[in-house]
Amino acid sequence: MCGIIGMASKHEFGSNDIIKMLKRLEYRGYDSFGIVTDKGMMEKEVGEIKPVKENRCSMALAHCRWATHGGVTRENAHPHTDCTGNIFLVHNGIISNYQELKNKLVGHKFTSETDTEVIAHFFEESLKTNDIKSSVLEFFRIAQGEFAIVMMLKGDKNLYALKRGSPLSLGLLDDGNVLASDIYAFSDKTEKAIFFNEDEFAIMNKDGYEFYKFLDNMLKPVSKEITVVKWSGTEEKNHFDHYMIKEINEEPEVAERLINSLRTEQKPGLEKLKELIQGAKRIVFVASGSSYHAALLGVYFLNKAGVEAHAVIASEFRNFYLVDDKTLLIAVSQSGETMDVIEALHGMKAKGAKIASLVNVPYSTIQRMSNVSINIEAGQEICVAATKSFVNQVVALTYLASVFGYEKDFSKIPDEIRDVFSQEGKIKQLAKSLKGEKDIYIIGRGYLYPVAREIALKIKEISYIHAEGMMGGELKHGTLALIEEGTPVIALIDNKPEIISNVMEIKARGGRIIAVTNRDDERFQESIRISAHNKFPFSIEASIAGQLLTYYIAKEKGLPIDKVRNLAKSVTVK
Ligand code: G6P
């Protein structure tokens, strides 16, 4: 969370050029934003990134915030500065011992509640008696937590960048250099990038850069490799009202692209992953949010193919898992930057586990940590809620299961996805009738249980309605007590007789059944029609029906949709 940028150029540029780059990082946080230039202009504002006062400059820092320490206020927005106003910095991460550091900075005047401001005062104090390298060294020694920091000192031609935990990359421009949380910030300007590794420090200016590594309590110079990166993505919503609906509409096309690439250029990667799976004693998926739900589906289809695997939520990984050098961890992550997943991988890599991943954003931290990585080819996803990336994760995981014999005809998938859109009119009507609800339950059995959970997550985060995705068979063990006259229950109904029994139990108590089904059955009062008869396409079609329903409920309610409250797309804190 939080996006940071620092740029130095041989030619003057405008403050709004930086703001445009920052806009490409807005998915990392949109509570507030701020900018400072070497010509003395500083602006900070609560809310979405907007154009600022034009200021020609040759160096600037910018930041978009997802609040962790301190409320969403102008004072807490970055850049932060010291008592003298000579040091400016932007930060992504959390300095977990900031209070301890703050207590030692006696006499300093703090104007925000953030952990970040402590860093500025730390450098103010340290630079009184040390040069920058010694101060940075001291910071690496004493700071705890995660940080990607870019710092500018008044009257100094350099920018200073430090990385521990949080992602940071350097883009090499024709007329200067740019530091950013990820390459998407500058991928329309250059294909040349350098990725910071753990505990690295860089001094950068318009003419060049030097890298150092904090190792053995010293800063040692390191040479860095330049990677050629290609990551375009689109910033346009085209004729759509929101990115969410645009991205849902892209699903047939991105699924087709993925299937083609798995058959061709990604085939060697898939073969390597197959070998790793065959050579492993234990296979564990690790993921968060929607990616975890995709992993649960992947586990189901792999199990069907005779491969034993488990899926574990990343933030709880260390509490559940015994991992050794015979373990294969498969990370599933859209962004490739989720801190909980990275933490789980780091810990387990140290134990000798092998790492594989399915990632959407290329060159991301998780992809770079992996022995083998499959790209899910969904393209840039801008809406905070995962839609097309979820679908492609499921396609990729099922394709992996098919390598082990879970045979499926992938050629029909794009058309089966298109079929869901024939239900859009009906879904809009349903959305109107659901917008005033306080609770919605979603039930599914077997492979439709992860789908039920995914639909519930979407309804919560986008439509702001409490929703619970459950195993159909579990309802009678407690939750049935909450079913009253008219309580809406979305039932994912394929050909299992047991789910019909669950539906009848709900109906008997006055519950309102909305069936997502491929069956004609007059007992369902309301339904969304699924064309697929096989499990894999059914799971995808039902998920998309849930995405559309969620979108139209939120639209009916006039909610922000693409940038929902309190969340961010890339969660780079623990
Ligand atoms: C955040 C996003 C979710 C996403 C989750 C995992 O919470 O809002 O949409 O599913 O992170 O992200 P990842 O990038 O690892 O898939």
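FYI, the numbering just counts along the sequence from 1.
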Residue list, side-chain hydrogen bond (donor to acceptor under 3.5 Å, both in side chains) with Q423, at least two apart or on another chain: none
Which residues pass the side-chain hydrogen bond (donor to acceptor under 3.5 Å, both in side chains) test with S357, sequence neighbours left out? S370, S373
Would you please indicate yes or no on a ring centroid separation below 6.0 angstrom for [Y] and [X]?
X: Y98; Y: H69; value: yes
X: F201; Y: F214; value: no
X: Y292; Y: F285; value: no

Strictly below 4.0 Å, N to O, side chains only: are K388 and E251 in salt-bridge contact? no
Any ion pair linking E26 and K563 (charged N to carboxylate O, less than 4.0 Å)? yes
Taking only residues two or more places apart in sequence, or in another chain, which ones meet F195 in a ring pair (Phe, Tyr, Trp, His ring centres under 6.0 Å)? none
Test of understanding: with ring pair (Phe, Tyr, Trp, His ring centres under 6.0 Å), list the residues that count as partners of F196, not counting sequence neighbours. F211
Set out, in order, the CA-CA distance, both residues' side-chain angles and the distance that settles salt bridge (Lys or Arg N to Asp or Glu O under 4.0 Å) for R418 and D415, then state yes or no. CA-CA 5 Å; R418 281 183 195 105; D415 281 337; 2.7 Å; yes
Could you walk me through whether I366 and L345 pass side-chain contact (heavy atoms from CB on, under 4.5 Å), step by step? CA-CA 8 Å; I366 293 173; L345 299 184; 4.0 Å; yes
Residues E337 and T365: side-chain donor-acceptor under 3.5 angstrom: yes
Examine the side chains of D324 and T327 and answer whether a donor and an acceptor come within less than 3.5 Å of each other. yes
Using a 3.5 Å distance criterion without hydrogens, assess whether the side chain of D419 forms a donor-acceptor pair with backbone atoms of S531. no
Please check this pair: side chain of N97 against backbone of I142, looking for a donor-acceptor N/O pair closer than 3.5 Å. yes
List, one per line, each side-chain donor-acceptor pair under 3.5 Å for residues 445-459, sequence neighbours excluded.
residue, atom, partner, partner atom, Å
R445, NH1, N502, OD1, 2.6
Y447, OH, D494, OD2, 2.8
Y449, OH, R453, NH1, 3.1
E454, OE1, S290, OG, 3.1
E454, OE1, H293, ND1, 2.9
E454, OE2, S290, OG, 3.1
E454, OE2, K458, NZ, 2.6
K458, NZ, S290, OG, 3.1
K458, NZ, A386, O, 3.0
K458, NZ, E461, OE2, 3.4

Quick one: salt bridge (charged side-chain N to carboxylate O under 4.0 Å, His left out) partners of K267, sequence neighbours excluded? none
Can you classify the ring geometry of H242 versus Y551 as parallel (below 30°), tilted (30 to 60°) or perpendicular (above 60°)? perpendicular
Report yes or no: is the cationic atom of R164 (NZ for Lys, CZ for Arg) under 6.0 Å from the centre of the six-membered ring of F147, at an angle within 45° of the ring normal? no
Rounded to the nearest 0.5 Å, the CD atom of E247 sits from the CD atom of E381 at a distance of 5.0 Å
